[in-house]
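Notes follow once the structure below has been shown.
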Number of protein chains: 2
Amino acid sequence: MGRTQLERKADTRERLVRAAAELFGSLGFHSVSTDAVAARADRTSGAVYAHFGSKQGLLLAVLEEWRSETAADAEVELDAATDLDARTEALWRTLSSRTGERGDAWLMLEMELWLHAARQPELRQLLAERYDEIRHEMAHAFEEWAATAGSSLASPPDEMSTLVLALLLGLGLQRRMEPESVSDELAGRGIRSLLGLGAG
Amino acid sequence: MGRTQLERKADTRERLVRAAAELFGSLGFHSVSTDAVAARADRTSGAVYAHFGSKQGLLLAVLEEWRSETAADAEVELDAATDLDARTEALWRTLSSRTGERGDAWLMLEMELWLHAARQPELRQLLAERYDEIRHEMAHAFEEWAATAGSSLASPPDEMSTLVLALLLGLGLQRRMEPESVSDELAGRGIRSLLGLGAG
DNA sequence: AGAGATATATAGCCTTGCCTATATATCCAG
DNA sequence: CTGGATATATAGGCAAGGCTATATATCTCT
């Protein structure tokens, strides 16, 4: 094919990282061989080592990608919502709909990466940055909501977003074990409580 | 030694499960060999297979133990606290103090087991039951608090406990990546928000 | 005390999978 | 068009570790 070497390389790299993210999330890092990742990317393990040097290097690349990826996603969905209920619901759905859709890929990979980051200091920094970004996105959204509503926020927005992010993650964890225990309605109510908008 | 066979067996089993819990939590299931577990328990891998049949069987035993263990712990700490601030703080500390103390064993094992349960339906049930128990413990405590204070709860207690558990888990996750992002004070405020006691 | 049962230890087979060394395909420069 | 550079594929070495088969220690019961 008439593609430049840089294009070929970039394409392969992207395929490998995507394949790795899918497999690491669904099966776990240690249950996935480099050959399996390569096969899913229509490459061979040679390409993995040419690009990342080691399986660990591949994990690092996945985490780096993950670090910046989802913050943007959430922003899109949030901006689309209009009234408050729709907004809190959208917030929850950015997590829970993915949970249904892609075979739970989202939360599974999040937790897989969290565990690796918790065990390896050099990865921790990256995931910390990811959480920071997400919190800032959310904090920004909250400020806009308040401004639109003409009211002001009860607490500093980045503290609120820490709490809301925590709630979303924790509800996701419970929901994955027992879906009935976490209704959409309950999630929305929880978020509104944290935002200081009454539990009504 | 003059111990009965049942005692010997029970002792070995307990040692193995404890050792496995510690190692699986800190290093991860797949990074720990059966030999390593056995060595930590002052036994050999033969004992592991005599007791559990496989490494997977050992994981199952750890999860079964874990299922019932911590709910009781939390209850103790909660009953000791007197006023509301102390109570919410105790609630948070049951998670966060362990996070410091035992080298983060608690949260790490929790997440390790969550991932395995998320991937294996036969394990999921067990972790779901664990969460149920914890929620019920907490719900019970909330009802007592309300009764003591002479007030009634704004929402059904088991819904509140779902939200509070979610918050605690999520804050633990963030805290492990970036301790500064989750102060004790913030955690307490979040809990009180969810309990409908104002964000003050 | 001694035979049988039970609990744990020892030794090694065999698979898996990470990685390296090398070969081949694809592209770029002159 | 050709030689060098780059990107990917192929093949196999090598270690780790799960598991089994068997041996040994410990207990139980008469």
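Naming convention: chains lettered A, B, ... in sequence-line order (proteins, then strands); numbering from 1 in each chain. Note that these values count all heavy atoms, side chains included, but never hydrogens, waters or copies made by symmetry.
Within the structure, the salt bridge (Lys or Arg N to Asp or Glu O under 4.0 Å) test picks out the following pairs touching residues 142-167 of chain A (sequence neighbours left out): A:Glu159-B:Arg189. Pairs engaging residues 150-192 of chain A under the ring pair (Phe, Tyr, Trp, His ring centres under 6.0 Å) rule: none recorded [sequence neighbours left out]. Within the structure, the ring pair (Phe, Tyr, Trp, His ring centres under 6.0 Å) test picks out the following pairs touching residues 144-175 of chain B (sequence neighbours left out): B:Phe142-B:Trp145.
C:dT8 atom P lies 10 Å from atom CZ of B:Phe52, rounded to whole Å. As a whole-Å value, the separation of A:Leu59 CG from C:dC18 P is 12 Å. The distance between atom NE2 of B:His51 and atom C1' of C:dT6, rounded to the nearest whole Å, is 11 Å. Between the CG atom of B:Asp11 and the P atom of D:dA25 there is a distance of 20 Å, given to the nearest Å. The separation between A:Leu6 atom CG and C:dT26 atom P is 18 Å, rounded to whole Å.
Side chain of A:Thr12, nearest nucleotide from D:dT8, C:dA9, D:dA9: D:dT8. In the set C:dT8, D:dT8, C:dC27, the nucleotide with an atom closest to the side chain of A:Arg3 is C:dC27.
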List, with names and distances, any nitrogen or oxygen atoms from the protein found under 3.5 Å away from nitrogen or oxygen atoms belonging to nucleotides 17-19 of chain D.
residue: D:dG18; atom: OP1; partner: B:Lys55; partner atom: NZ; Å: 2.9
residue: D:dG18; atom: OP2; partner: B:Thr34; partner atom: N; Å: 2.7
residue: D:dG18; atom: OP2; partner: B:Thr34; partner atom: OG1; Å: 3.0
residue: D:dC19; atom: OP2; partner: B:Tyr49; partner atom: OH; Å: 3.0
residue: D:dC19; atom: OP2; partner: B:Lys55; partner atom: N; Å: 2.9

What pairs of nitrogen or oxygen atoms, one from the protein and one from nucleotides 3-6 of chain D, lie under 3.5 Å apart?
residue: D:dT6; atom: O4'; partner: A:Gln5; partner atom: NE2; Å: 3.2

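Residues A:Arg175 and A:Glu180 are not paired through a salt bridge, judged by the lack of any N-O separation under 4.0 Å between the basic side chain and the carboxylate. A salt bridge is absent between A:Arg93 and A:Asp184: the closest approach of a Lys/Arg side-chain nitrogen to an acidic carboxylate oxygen does not fall below 4.0 angstrom.
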Are B:Arg130 and B:Glu65 close enough, and set up right, to give a salt bridge (Lys or Arg N to Asp or Glu O under 4.0 Å), and what steps lead you there? CA-CA 10 Å; B:Arg130 169 176 159 79; B:Glu65 191 68 22; over 6 Å; no
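Taking the salt bridge (Lys or Arg N to Asp or Glu O under 4.0 Å) definition, one finds that A:Arg13 meets it with nothing, sequence neighbours left out.
Ring-plane geometry between A:Phe24 and A:Phe29 is classed as perpendicular, the angle between the planes exceeding 60 degrees on a 0 to 90 degree scale with a lower cut at 30.
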